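Here is the structure we will look at.
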Amino acid sequence: MQTVTALEAMRAHARAARERGMRTALVPTMGALHAGHLSLVAAARGRAGPVTLSVFVNPLQFGPGEDFARYPRDLDGDARLAAGAGVDVLWAPATEEMYPAAPAVTVAPGPMGDVLEGAVRPGHFGGVLTVVLKLFSVAQPDVAVFGRKDFQQAALVRRMVADFDLPVEIVVAPTVRERDGLALSSRNRYLDAAARPEAATLARALARGVELFRRGERDGAAIAAAARGVLEAAPALAVDYAACVDPDDLAPREVARPDSVLAVAARLGGTRLIDNVPLGAGLEGDVRVAG
Ligand code: PAF
């Protein structure tokens, strides 16, 4: 595995791969890698030759008072995990190189960026799409892999790619979960021993919605309300939202369908947790960590 920081070095890798006629993949991350990220690498390796994994904690996507300063950073640990997973290029650009000056032109996500996470984190998706466009522009991947845990982000990236005719295939890989259902996230590192069991409540809320759907409930609002009820019954959680939405435009689904996404978000102490599931697939459609 080669580690590069400079944008020009990354461009040179992309150019060399293209000249050799190779199909390349990019797995964009903010580091603090875990098994969920490694599953994205596995998905990338199945679809392309050289796989680049980017590690960049993007300041543009954090709002004032959010966790940018304390977001976990462990490039040595990330490099070990990435090499073990078969990453070819680890690209860890410095902030000054990605943003030599504060960008004056940024990507506007439109209304899809104002709902769910966007309603709680104003400006977040503008920051995400701006950096993703820049990562694509430098690494020039044929394929880019994102996790379904951030399904709104994945939907917005797919929409940006379609609207801007970007020549990159977007793959969305299933969420990876702990044995009790908790979706893997770099932010789980913030959870202490007391909070950790409570965090699995989000997966239980999703399971409740899936159960209702399987029993024949088709009222999207009723399914969302049932999930919200599970969250509200946990005193440690402060609920941000529970919603049943369309997977593409994120609009609320009055009539739930198998591809409708049940999405939940809550705060547990100082940690924000998000999770979602397509109702038809249920949590069985996701991956459980071994052990
Ligand atoms: O999902 C993430 O880790 C980030 O939002 C991404 C896509 C790497 C952009 O900073």
Side-chain angles (χ1 to χ4, degrees), residues 5 7 10 25-41 43-44 51-63 66-75 77-78 81-82 85 87 89-95 97-99 102-103 106-109 112-113 116-118 120-139 141 143-161 164 166 168-176 183-190 250 263 265 271-276:
T5 52
L7 270 53
M10 185 62 239
L26 175 68
V27 179
T29 81
M30 297 205 300
L33 300 182
H34 50 65
H37 296 112
L38 305 185
S39 77
L40 306 183
V41 172
V51 173
T52 294
L53 181 134
S54 61
V55 172
F56 179 63
V57 184
N58 172 35
L60 284 193
Q61 68 190 72
F62 290 81
E66 290 189 355
D67 57 343
F68 175 69
R70 72 166 179 144
Y71 196 85
R73 290 159 173 88
D74 175 17
L75 193 56
D78 290 346
L81 287 173
V87 166
V89 179
L90 178 68
W91 176 30
T95 309
E97 207 176 351
M98 285 294 273
Y99 303 123
T106 56
V107 179
M112 284 169 66
L116 304 173
E117 281 305 283
V120 182
R121 305 183 66 190
H124 170 66
F125 288 113
V128 168
L129 294 184
T130 300
V131 80
V132 168
L133 185 60
K134 184 143 181 161
L135 295 170
F136 286 178
S137 155
V138 175
V143 184
V145 186
F146 292 82
R148 193 169 65 211
K149 164 154 181 295
D150 295 302
F151 93 103
Q152 184 174 11
Q153 165 174 283
L156 277 157
V157 169
R158 280 194 278 117
R159 188 61 198 253
M160 175 174 75
V161 163
F164 291 175
L166 302 177
V168 53
E169 178 194 349
I170 302 301
V171 172
V172 182
T175 300
V176 180
L184 297 197
S185 163
S186 302
R187 288 190 168 96
N188 292 353
R189 295 185 188 199
Y190 300 151
L250 311 175
T271 308
R272 254 195 108 247
L273 300 168
I274 62 172
D275 204 351
N276 72 87

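Numbering of ligands and ligand atoms starts at 1, following listing order. Note that the structure is a prediction, hence the values are computed from the model and not measured. Computed from heavy atoms alone, side chains included, the values below leave out hydrogens, waters and symmetry copies.
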Close-contact set for ligand 1 against [X] heavy atoms, below 4.0 Å:
X	answer
Val131	9 (C), 10 (O)
Pro28	8 (C)
Gln61	4 (C), 5 (O), 9 (C), 10 (O)

What is the minimum heavy-atom distance between [X] and [Y], and which atoms define it?
X	Y	answer
Phe68	Phe62	N-CD2, 3.4 Å
Lys134	Leu7	CE-CD2, 4.2 Å
Ala44	Val27	CB-CG2, 3.8 Å
His37	Gly31	CE1-O, 3.7 Å

Any nitrogen or oxygen of Thr29, side chain or backbone, less than 3.5 Å from one on ligand 1?
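Such a contact does not occur with ligand 1.
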When you compare ligand 1 with Gln153, is there at least one nitrogen or oxygen pair between them that comes in under 3.5 angstrom?
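Between Gln153 and ligand 1, an N or O pair is found under 3.5 Å apart.
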Side-chain heavy atoms of Arg73 within contact of Asp78, under 4.5 Å
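Arg73 does not reach Asp78 side chain to side chain.
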